[in-house]
*Asks:* 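Structure incoming, see below.
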Amino acid sequence: MKINIDEILKQRNQSRYWLAKETGITYPNITNLCNGKTSSIKFEMIDKICRVLQCTPNDIFITD
């Protein structure tokens with residue numbers, strides 16, 4: 001499973017830094033998530049990201 005946050009941000013002309021500020025999630029956590037360096041993610045974090053990006057979890061997660 002891959003995280004598609006960078007592609008969504010690119011389509012919206014936004015940055016990881018912007019997402020971190022808007023969600024209240026630390027920039028290092030956003031970076032680790034986007035780079036696939038996390039082994040788990042809290043539902044609360046998914047919810048914050050989806051609300052800010054106005055998308056669904058299906059948009060964020062891609063199966064290989």
*Asks:* Can you check whether Asn29 reaches Thr26 side chain to side chain, under 4.5 Å on heavy atoms?
*Replies:*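 Yes, side chains in contact.
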*Asks:* Using 0.5 Å steps for rounding, measure from the SG atom of Cys34 to the NZ atom of Lys2.
*Replies:*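 NZ of Lys2 is found 12.5 Å from SG of Cys34.
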*Asks:* Does Arg51 CZ have over 12 foreign heavy atoms under 6.0 Å away?
*Replies:*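 Open.
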*Asks:* Please indicate whether Gln54 has more than 12 foreign heavy atoms, meaning atoms of other residues, nucleotides or ligands, lying under 6.0 Å from its CD.
*Replies:*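 Open: at most 12 neighbouring heavy atoms sit under 6.0 Å from CD of Gln54.
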*Asks:* What distance separates Gln14 CD from Lys21 NZ, expressed to the nearest 0.5 Å?
*Replies:*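 These two atoms lie 14.5 Å from each other.
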*Asks:* Less than 4.0 Å between a side-chain N and a carboxylate O, is that true for Arg16 and Asp6?
*Replies:*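 Salt bridge flag = yes for Arg16 with Asp6.
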*Asks:* Looking only at atom types and distance, does a side-chain atom of Asp59 sit under 3.5 Å from a main-chain N or O of Thr56, one as donor and one as acceptor?
*Replies:*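 Answer holds: yes.
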*Asks:* Looking only at non-hydrogen atoms, find the nearest pair between Cys50 and Pro57 and report the distance.
*Replies:*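 Smallest heavy-atom distance, with atoms named: SG-N, 3.5 Å.
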*Asks:* Which hydrophobic side chains are connected to Ile25, either touching it within the sub-4.5 Å cutoff or through other members that do?
*Replies:*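 Same cluster as Ile25: Met1, Ile3, Ile5, Ile8, Leu9, Trp18, Leu19, Ile30, Leu33, Ile41, Phe43, Met45, Ile46, Ile49, Val52, Leu53, Ile60, Phe61.
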